[in-house]
Amino acid sequence: MAQASDMTRLWQRLRRQAEAAARREPLLAPLLAGAVLERTDLADAISHILAGDLATPALPAEALAVRFLALHRADPALALAALEDLQAVMDRDPATTEPLQPLIYYKGFKALQAHRLGHALWRGGARDLALWLQSRNSAVFTVDIHPAARIGTGVLIDHAHGIVIGETSVVGNHVSMLHSVTLGGTGKSGGDRHPKIGDGVLIGAGAKVLGNITVGRNSRIAAGSVVLEPVPTCKTVAGIPARIVGDGGCDTPAERMDHAFSLRPQTGESA
């Protein structure tokens, strides 16, 4: 779990990186100043970055930034979750060399932080604004997460294009998912109808997990699979419909990001 001291070190590191980036590329200096160098901390930075990305003529960036920052100040866990999400990107994405990159450029990280704010609005009763934020998140970042969905910390949404996460979905801690993942329902029925994803699960690109089913911790879902049945702990599933094809590959597949597996269906087992 991230601590306040971790936040201080990260913020100092982000400021140094923003200063260096502004020197390397003066054209980006105003952007980096407004996003980082003129901000007081990570919560302030995230609030202003998202406000700038999501603003419309009817809801300008200045007003959104004030509201977003108020949510952060009311719940410091939002910034701590963002810190863990940044660390997840750093640890798992080999294309990322510094935390400034996801903070400024990566739509998966930014969409996840927008959802966290939307979820705080939803829980606080500001549901119209939460739904507006969901709509803008989808339009700007192509990530459509219902504000009621519950998502843990240390989560990586890599590339992020085409992510859909339904209203009653629950995503655990230290989960990784790639683009075009759907956590959806199976029809028009109401109630608790979306997947429950355990800690440490790795979900490959284009995978669909449908219905109120559980995916056990430290399991892997192969790219392009359609999962319609519960997945046990520490298993790999693949196919349409998905079937168990082996173990999870390691203790923490979401952190290893290893999508390779041998196709050896296990007799009598299904997902």
- request: Answer whether the closest heavy-atom distance between the side chains of Pro99 and Gln17 falls below 4.5 Å.
  value: yes
message: Test your reading of the model: is there a side-chain donor-acceptor pair from Lys208 to the backbone of Leu228, 3.5 Å cut-off?
response: no
- prompt: Could you go step by step and tell me if His194 and Ser169 meet the side chain to side chain donor-acceptor pair (under 3.5 Å) rule?
  reply: CA-CA 5 Å; His194 295 105; Ser169 299; 4.6 Å; no
- prompt: Is there a path of hydrophobic side-chain contacts, each under 4.5 Å between heavy atoms of I, L, V, M, F, W or Y residues, that connects Leu31 with Leu42?
  reply: yes
message: Ignoring hydrogens, what is the shortest heavy-atom contact between Ile165 and Ala149? Give both atom names and the distance.
response: CG2-CB, 4.0 Å
Heavy atoms from other residues, nucleotides or ligands near CZ of Arg217 exceed 12 (cutoff 6.0 Å): no
task: Using atom types as modelled and distance alone, determine if a side-chain donor or acceptor of His146 lies under 3.5 Å from a backbone N or O of Ala148.
output: yes
field: Separation of Leu86 CG from Asp91 CG (nearest 0.5 Å)
entry: 10.5 Å
field: Leu80 side chain near Thr153 side chain, heavy-atom distance below 4.5 Å
entry: no
message: Any side-chain to backbone donor/acceptor pair from Trp11 onto Thr40? Under 3.5 Å, distance only.
response: yes
task: Among Leu50, Leu78, Asn137, find the one that has a side chain to side chain contact (heavy atoms under 4.5 Å, CB included) with Gln113.
output: Leu50
- prompt: Is there a chain of hydrophobic side chains (I, L, V, M, F, W, Y, each step under 4.5 Å between heavy atoms) that links Val66 to Ile49?
  reply: no
- prompt: Heavy atoms, side chains only, cut-off 4.5 Å: are Asp41 and Met7 in contact?
  reply: no
- request: Looking only at non-hydrogen atoms, find the nearest pair between Ala207 and Ile221 and report the distance.
  value: CB-CG2, 3.7 Å
- prompt: Just wondering, more than 12 heavy atoms not from Asp251 lying within 6.0 Å of its CG?
  reply: no
task: Answer yes or no: is there a side-chain heavy-atom contact under 4.5 Å between Ile46 and Arg39?
output: no
task: Any chance you could measure His115, atom NE2, to Leu133, atom CG, to the nearest 0.5 Å?
output: 10.0 Å
field: Closest non-hydrogen atom pair, Pro60 against Ala55
entry: C-CB, 3.9 Å
field: Common cluster, Leu54/Tyr105, ILVMFWY with side-chain heavy-atom separation under 4.5 Å
entry: yes
task: Under the side chain to side chain contact (heavy atoms under 4.5 Å, CB included) rule, what do Met90 and Gln101 come out as? Steps first, then yes or no, please.
output: CA-CA 9 Å; Met90 289 291 296; Gln101 291 170 287; 5.7 Å; no
message: For Arg73, I'd like to know if atom CZ has over 12 heavy atoms of other residues, nucleotides or ligands within 6.0 Å.
response: yes
message: Just so I know, are the side chains of Lys110 and Asp53 near enough to count as touching, which here means a heavy-atom distance under 4.5 Å?
response: yes
task: Given side chain to side chain donor-acceptor pair (under 3.5 Å), test Ser176 with Arg92 step by step and report yes or no.
output: CA-CA 9 Å; Ser176 295; Arg92 303 174 210 169; 2.8 Å; yes
- request: Would you sort out whether Asp247 and Cys234 count as a side chain to side chain contact (heavy atoms under 4.5 Å, CB included), showing the intermediate values?
  value: CA-CA 6 Å; Asp247 292 329; Cys234 299; 5.9 Å; no
query: Between the main-chain N or O of Val143 and the side-chain N or O of Ser138, is there a donor-acceptor pair closer than 3.5 Å?
result: no
- prompt: What are the two closest heavy atoms between Ile203 and Val181, and how far apart are they?
  reply: CG2-CG2, 3.7 Å
Nearest-0.5 Å distance, CZ of residue Arg15 to CD of residue Glu38: 9.5 Å
task: Flag yes if more than 12 heavy atoms outside His259 fall under 6.0 Å of its NE2 atom; otherwise flag no.
output: yes
message: Test side chain to side chain contact (heavy atoms under 4.5 Å, CB included) on Arg127 and Leu121; report intermediate values, then the result.
response: CA-CA 6 Å; Arg127 297 195 168 185; Leu121 290 167; over 6 Å; no
field: Close side-chain approach of Trp132 and Thr56, heavy atoms under 4.5 Å
entry: yes
field: Same apolar cluster (I L V M F W Y, side chains within < 4.5 Å links), Met257/Tyr106
entry: yes
message: Please tell me whether Leu112 and Val164 are part of a single hydrophobic cluster in this structure, the criterion being side-chain heavy atoms less than 4.5 Å apart.
response: no
- request: Taking the side chain as every heavy atom from C-beta outward, state whether Arg220 and Val237 have any pair of such atoms under 4.5 Å apart.
  value: no
query: Which atom pair, heavy atoms only, marks the closest approach of Lys107 to Ala160?
result: CG-CB, 4.0 Å
Residue pair Val231 / Val209, side-chain heavy-atom distance below 4.5 Å: no
field: Derivation and outcome, salt bridge (charged side-chain N to carboxylate O under 4.0 Å, His left out), residues Glu167 and Arg193
entry: CA-CA 8 Å; Glu167 178 184 13; Arg193 61 196 184 279; 2.8 Å; yes
Residue pair Val175 / Gly198: nearest heavy atoms and the distance that separates them: CG2-O, 3.4 Å
field: Heavy-atom neighbours of Arg256 CZ exceed 12 at 6.0 Å
entry: no
task: Ignoring hydrogens and angles, tell me if any N or O in the side chain of Asp199 forms a donor-acceptor pair with the backbone of Asn173 under 3.5 Å.
output: yes
field: Candidate list Ser219, Pro253, Cys250, test side chain to side chain contact (heavy atoms under 4.5 Å, CB included), partner Leu202, passing option
entry: Pro253
- request: Could you tell me the separation between the CG atom of Asp192 and the CG atom of Asn212, rounded to the nearest 0.5 Å?
  value: 4.0 Å
task: Please check if atom CZ in Arg67 has more than 12 non-hydrogen atoms from other residues, nucleotides or ligands closer than 6.0 Å.
output: no
task: Could you check Ile197 against Met177 for side chain to side chain contact (heavy atoms under 4.5 Å, CB included), going step by step and ending with a plain yes or no?
output: CA-CA 11 Å; Ile197 308 298; Met177 65 181 76; over 6 Å; no
- prompt: Rounded to the nearest 0.5 Å, how far does CG of Leu129 lie from CH2 of Trp122?
  reply: 12.0 Å
- prompt: Looking at CD1 of Ile151 and CG of Leu183, how far apart are the two atoms once the value is rounded to the nearest 0.5 Å?
  reply: 8.0 Å
